[in-house]
There are 2 protein chains.
Amino acid sequence: MGSPGRSGADVTTVTSPRVLAHPARDEIRLEDVLHALADPMRLRVVRELAAVDADLSCSDVELPVTKSTTTHHFRVLRENGVIRQTYRGTAKMNGLRRDDLDALFPGLLDRVLEAAQSQERRLAGR
Amino acid sequence: MGSPGRSGADVTTVTSPRVLAHPARDEIRLEDVLHALADPMRLRVVRELAAVDADLSCSDVELPVTKSTTTHHFRVLRENGVIRQTYRGTAKMNGLRRDDLDALFPGLLDRVLEAAQSQERRLAGR
DNA sequence: CCCGTACTACGATGACTATCGCACGAGCAC
DNA sequence: GTGCTCGTGCGATAGTCATCGTAGTACGGG
């Protein structure tokens, strides 16, 4: 088939976009954030990101699911405004959008993180 | 099939239980609470319950959905430990489980309520 | 005793979602 | 260049969920 070449005509849906779509700060909705945080896998990711307080690549966070599913969860977190994703070579770095979330919903993220940790302690038999 | 009669033998699944099943305090899970709160209709109910700081009957809370759907949402809120439901004659009273939620997840409910109000103000053109 | 009000239960349905496997594209190392 | 690793996209599938309509049950009042 010759060179695929991607002539750049179909700008609407680029096959592999080098820049990822994020909601602006004032596009972030509380229900969406709560929904994103309501999944155990995603809550786990968010907790880890908050713990290291730095960007992590998708493969740095170990989840008991396949790669495709991991990609899916990271996408949900990004599209709902919880994390920010940027390319860095072959890796994709993920960082918590603490500034935006704290500005929109003061204290919410911290209370959720505290609640998650407290619950984990409680369920661990102590 | 003759008179329904409900002879009391099948205690496992009573047709119309006068007492409703609620999760105990230590049965309440963070993910479930977040999931319950992530729905616009249910968040609306919770906000109203918090605002009046008293028990409301199911029909006191006006939602743009049918009765069946309203029942469904109240059930989800109860089964996830967000509200407490008690019968009172033909009416069913609903009250927020503030004590339990605050004990398990300190500050979480308040931050969510604040965030919801702040977002409403923001979306209403401010 | 009959009726109205309040709520529930039972499908049914359409939408969304979490999961997988597989094949592909993009960059890095040699 | 060739190959390796990382991540994406695309079905497919099974499960959950929000919604409805209809029919039913419980309680209180005339």
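Quick note: numbers below take in every heavy atom, side chains included, and nothing from hydrogens, waters or symmetry partners.
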Does a nitrogen or oxygen in the side chain of [X] sit under 4.0 Å from OP1 or OP2 of [N]?
X	N	value
B:R75	C:dC7	no
A:S68	C:dC22	no
A:R88	D:dC6	no
B:T70	C:dC7	no
B:H73	D:dC17	no
B:T69	D:dC20	yes
B:T90	C:dC7	no

| remark: To the nearest 0.5 Å, atom CG of B:L43 lies from atom CD of B:Q119 at 8.5 Å
| Could you give the distance from CD1 (B:I28) to CG (B:D32), rounded to the nearest 0.5 Å? | 9.5 Å
| request: Decide, yes or no, whether a salt bridge links A:D110 with A:R98 under the criterion of side-chain N to carboxylate O below 4.0 Å. | output: yes
| field | Pair A:D100 + A:R84, salt bridge at N-O below 4.0 Å | value | yes
Round to a whole Å and report the spacing from [atom1] of [X] to [atom2] of [N].
X	N	atom1	atom2	answer
A:D39	C:dC16	CG	P	18 Å
B:F74	C:dA6	CZ	P	14 Å
A:E62	D:dC6	CD	C1'	15 Å
B:K67	D:dA23	NZ	P	17 Å
A:R44	C:dA18	CZ	P	16 Å
A:L37	C:dA18	CG	P	13 Å
A:E79	C:dT17	CD	C1'	13 Å
B:M41	D:dC17	CE	P	17 Å

Among [options], which nucleotide sits nearest the side chain of [X]?
X	options	result
A:H35	D:dT19, D:dG9, C:dT17	C:dT17
B:H72	D:dT19, C:dC7, C:dA18	D:dT19
A:S59	D:dC6, C:dC20, C:dC7	D:dC6
B:A91	C:dA6, D:dG7, D:dC20	C:dA6

| query | Would you say A:P106 and A:R111 make side-chain contact, with heavy atoms under 4.5 Å? | reply | no
| note | Sorted by position of nearest nucleotide on DNA chain C, 5' first, the leading residue of A:V76 and B:R78 is B:R78
